[in-house]
Amino acid sequence: MTAGTGQQRERGFDHTEVEPKWQRVWDERGTFRIPDDAEDPAYVLAMFPYPSGEMHMGHVRNYAITDAYARYRRMRGEAVLHPMGWDSFGLPAENAASERDVDPRGWTMDCIANMKEQMEIMGLGFDWEREVTTCEPEYFRWNQWLFTRFYEAGLVEREGAELNWCPSCETVLADENVNTEGGTEICWRCDTPIEHRDLEQWFFTITDYADELYETLDEMDGWPDNVREMQRNWIGKQAGDSVAFELSTGDSVEIFTTRLDTIYGATFFALSPGHGLAQELADDGDEVADYVHRAEHTDEELDQTSGVFTGEYATNPATGEEVPVYIADYVLEDIGTGALYAVPAHDERDHAFAEAHDIPIEQVIEPAPDADVDPEDIDVGEAAYTADGVLTNSAEYDGLTSAEARERFVDVFDGEHRIEHSLRDWCISRQRYWGTPIPFVECPDCGYVPVPDEELPVELPEFIQTTGNPLDAAEEWKSVACPGCGGPATRETDTMDTFVDSSWYFLRYVSPDLETAPFDTDRASEWMPVDQYVGGIEHATMHLIYSRFFTKVLKDLDLLDGVREPFKNLLTQGMVRKEGTAMSSSTGNVVSPRPFVEEYGADTARMFMLNAAQPEKDFDWTEEGARSAHTFLQGVYDLAAEFAAGDVAGEGTAKSEGETGGEHAVIHEYVAREVAATAATATEEFEAFRFNHALQAVRELVSLLRRYRDATTPDPDVFEDGVVTVTKLLAPVAPHVAEEMWDKLGGEGLVAEADWPDATPPEGYDIERRLVENTREDVREIADVAGIDDPERIRIVVAPEWKHAAHDLALESDADDLVGEVMGHEQFRQHGNEAASFAKDLQTEREALTPALSAAEEVAALERARWLVEREFDATVTVEADDDAPDLADDAEPGRPAIRID
RNA sequence: GCGAGGGUGGCCGAGCCUGGCCAAAGGCGGCGGGCUUAAGACCCGCUUCCGCAGGGAUCCGUGGGUUCGAAUCCCAUCCCUCGCACCA
């Protein structure tokens, strides 16, 4: 579209002028700074970005959400911590370095400067004095310090394991960094198919906390269900039992099972090809060795039921029988113990294997009597019966339920209850340059020795271009004296996974410049947890688990007091799409924030995003939507400006005598009540993060104010209150326009620092609103049905007070005979048959009755809303109490006045 | 396969926890009217069907159930999205 560029604009505001102006003012006044001595502030946090150099709409949305919320809380009078920083280590900087012949640090810093500028242009209210940059030694020295503490606490291990290796990034990847696409495992960053390599690496033993990480999820009701579910899946808790089987090889092999109740039905034993014993049995160069080799070292897709008999037998501890030992590919090495006893009758995979290898199938479970399956229908020869049930063919245990049997068998077979998790320890080693050096030295005599705290940080050597790990090539840097014995030693050349950086950055914001510790324990204990965390769902199983792990460890190391979870409430924001698909720079399907903001302003972008959908939902970026936000903001500004200029309710605007008082007082009152009601609604919606609903309420109020202005000469106080309220309610979302309006309206100080409007709804508002809406609706319907196109006079007659009293009585009374109850009162009896018949009506609708206003209140409420009806129908409208209109009052009921249209 | 979330009027989307005021907010689109030289913006309506006074019928994926009463609660079933997935 062609923007308003070049065309004169007599109305509205110029965002290119207004926005930088207020950004400067906020900055100068330190509006968003929070002092260190603030008491338990609201901690509102957006996931800090990797500084790629350019903001995209996803960022804008993320920060628009946290900023709106933070500004809202601040206006409510709370101290608010809303910081920002840079997750600035990571591979892209190295890639850029090799592509453009720059060094990662310089490139990263340029990107940060660029991103920061864009954030400032958006008017985001961060406390920049708390900015944190993870690639600075002042930050990452604490990664190293914490690493050492973890090491001392026994939470660091160096082990050899088969690891995911990305040949393109030339580094290992944690399981979390491996994605699966069409069956192949690929690197999350570059989509290269990963390989597996046996390597010695550094691990954090996050599995020590697996159970707590899992269990606490149940209580974390400030988190979305899907994220909690993803974490549950990821941790993969499995409660079962382990039992040892004696093999004819002389080995005792431990298995893990969740179905110990089926042990009598075990007819073979299976080892995964990667199991230690399988490897031993394969040494002979026979078909066992061949199978293990094919399973382990080739790309061959082995059949589900493939396997090989080892010639060995295992003793079933339950039956004493010898069952054959197979090596089978369907048995996974890293699940359970990598070995299992197989019960073909009650496990589908075991069943399939047994059929293929002609192994007997013994039923030991039958459906419980209360199951809706007929035991006669079960044929385990056909298919496994996998449900729990009642034991059979299990010696003296027949008749026990599955659950009972599992409980008993643990003791009987000398096993133990075990909790297994699929969560693995966290491999944090990366063979890359742009990360935190792991603060260890390898000494030929002392082994791995930690770098003493006083020598931290271990800084990075100068960057050099090399195919492998640049740290490995930095010979001078590598060579160091062993802290233990003083002899020649070598620095560890692995750097840390960048998820280490982001696992505690939210604590560094508390005391970003502290030089004696990663964070101030007292203050962090008071300020934490983060009250509201907002970011993308993609971090559900990585960053969000690691941060939880770190927080628990820090608590156990006494670095935190009383905080075991970092994020109280979590919001995962939806995607900003374009034409139904994700914005993607690779396809050019993007709207870039910078040019958009230059043309329409930051407020428009923020307003549109928050107005378009609830934060957690995806939405489409549309030109119409953006424009409508822009139009709205211009319009509100104009309204405020007109009022400020005295064009609406100032002196000399009176349309006629008496419009400002008397008969018009009720109109002013109506508007005043709507203003208060809007503040109440908007507050509720802000609390619940439904900015779109809050904005809807504001739009409706603005529309009402316009009608008010057009219908009469507004009361200056009422109108001002309306415009001021709109300004305040808009301030968290469109802060620059709001400041401009506030300024025009003569507000004191900044609206960003102003008090939030009173959020108490007017008394009886909901009932009143319903009455007014219903009545207006009824008038329309009658006029329509009766075919009255151009009504002259509309009479609205409220039901007599006694009907209201009877209605109230019906609401309260629990008497069976309502008619009798009502007629027992003289005040109703005097109305004779009419009262009896009304009581009968009440009796009929009894269960559906809702509170109503009194007759006088109804008259007042309708009187206040009368102008809207007059305006709509261009007719004379009267609101009457029943005494004034005995001819119509009979038809009226509480909440439903009689209506006469002529 | 397992698990989580969801299926609402032309479209988007609220409501569902805490059943009744729900033919179901709001927006978009469409239609009519006002304002305007006109367009835009703005304002007022209409937008399931029937009805010459506020009434009635049908309706919230499908089928049952609970209840005086169900979009809302329960059960079953189908479909969609996401996550995990040869999990012992």
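Owing to the predicted nature of the structure, the values given are computational and were not obtained by experimental measurement.
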If the condition is ring-ring contact (aromatic ring centres under 6.0 Å, His included), which residues does [X] pass it with, not counting sequence neighbours?
| X | result |
| --- | --- |
| A:His543 | A:Tyr533, A:His539 |
| A:Tyr385 | none |
| A:Phe689 | A:Tyr69, A:Phe691 |
| A:Tyr330 | A:Phe353 |

How close or far is atom [atom2] of [N] from atom [atom1] of [X], stated in whole angstroms?
| X | N | atom1 | atom2 | answer |
| --- | --- | --- | --- | --- |
| A:Asn226 | B:G83 | CG | P | 10 Å |
| A:Asp874 | B:G33 | CG | C1' | 13 Å |
| A:Arg900 | B:C52 | CZ | C1' | 12 Å |
| A:Gln843 | B:G69 | CD | C1' | 15 Å |
| A:Asn774 | B:A23 | CG | P | 11 Å |
| A:Phe256 | B:C86 | CZ | C1' | 16 Å |
| A:Ile537 | B:C82 | CD1 | C1' | 9 Å |
| A:Ile235 | B:C2 | CD1 | P | 22 Å |

*When you check every protein heavy atom under 4.0 Å of nucleotides 40-46 of chain B, what one-letter string (B, S, -) results, 5' to 3'?*
-S-SSSS
*Sugar-phosphate means primed atoms, P, OP1 and OP2; the rest is base. With that split, encode nucleotides 7-18 of chain B 5' to 3' as B, S or - using protein heavy atoms under 4.0 Å.*
------SS----
*For the side chain of A:Asn233, starting at C-beta, report the closest nucleotide among B:G54, B:C84, B:C86.*
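Of the candidates, B:C84 comes closest.
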*asked:* Checking contacts here: which listed nucleotide (B:G27, B:A4, B:G54) is nearest the side-chain heavy atoms of A:Glu229?
replied: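 Per side-chain heavy atoms of A:Glu229, the pick is B:A4.
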List in chain and number order the residues that pass side chain to side chain contact (heavy atoms under 4.5 Å, CB included) with [X], two or more places apart in sequence or in another chain; answer none if no residue qualifies.
| X | answer |
| --- | --- |
| A:His807 | A:Leu811, A:Leu842, A:Leu849, A:Ala852, A:Pro894 |
| A:Val410 | A:Asp241, A:Leu260, A:His417 |
| A:Ser402 | A:Arg259, A:Asp261, A:Ile365, A:Asp388, A:Arg406 |
| A:Ala318 | A:Ile263, A:Tyr264, A:Asn316, A:Phe413 |

For [N], the Watson-Crick or wobble counterpart (both distances under 3.5 Å):
| N | answer |
| --- | --- |
| B:A71 | none |
| B:C46 | B:G30 |
| B:C82 | B:G3 |
| B:U18 | none |
| B:G51 | none |

Check this for me, if you would: do [X] and [Y] make a salt bridge, where the nitrogen-to-carboxylate-oxygen distance has to be below 4.0 angstrom?
| X | Y | value |
| --- | --- | --- |
| A:Asp902 | A:Arg900 | yes |
| A:Arg228 | A:Asp225 | yes |
| A:Arg690 | A:Glu616 | no |

_According to side-chain hydrogen bond (donor to acceptor under 3.5 Å, both in side chains), who are the partners of A:Thr878, at least two apart in sequence or on a separate chain?_
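For A:Thr878, the residues satisfying side-chain hydrogen bond (donor to acceptor under 3.5 Å, both in side chains) (neighbours in sequence not counted) are A:Glu880.
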Categorize [X] for me: base, sugar-phosphate, or nothing, with a 4.0 angstrom heavy-atom threshold over every strand shown.
| X | result |
| --- | --- |
| A:Thr850 | base |
| A:Ile255 | nothing |
| A:Pro897 | base |
| A:Val331 | base |
| A:Ala540 | nothing |

Nearest-Å distance once atom [atom1] is located in both [N] and [M]:
| N | M | atom1 | value |
| --- | --- | --- | --- |
| B:G13 | B:C86 | C1' | 41 Å |
| B:U81 | B:C75 | P | 25 Å |
| B:G56 | B:G5 | P | 39 Å |
| B:A25 | B:C60 | P | 16 Å |
| B:A76 | B:C2 | P | 13 Å |
| B:A53 | B:G64 | C1' | 41 Å |
| B:A39 | B:G30 | P | 15 Å |
| B:C28 | B:C46 | P | 16 Å |

*Between A:Tyr326 and A:Phe269, is the gap from one ring center to the other below 6.0 Å?*
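Ring centres of A:Phe269 and A:Tyr326 not closer than 6.0 Å.
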*is_close_aromatic(A:Tyr637, A:Phe632), centroid dist under 6.0 Å*: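 Aromatic pair excluded; centres sit 6.0 Å or further apart.
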*5'-most contact on RNA chain B: A:Ile899 or A:Ala339, nearest heavy atom basis?*
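Of the two residues, A:Ile899 wins.
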_Of A:Thr337 and A:Val785, the one whose closest RNA chain B nucleotide lies more 5'_ =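 Looking at RNA chain B, the more 5' nearest nucleotide goes with A:Val785.
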Can you pull every protein N or O that's under 3.5 Å from an N or O on nucleotides 55-57 of chain B?
| unit_1 | atom_1 | unit_2 | atom_2 | d |
| --- | --- | --- | --- | --- |
| B:G55 | OP1 | A:Arg896 | NH2 | 3.0 |
| B:G55 | N7 | A:Glu781 | OE2 | 3.4 |

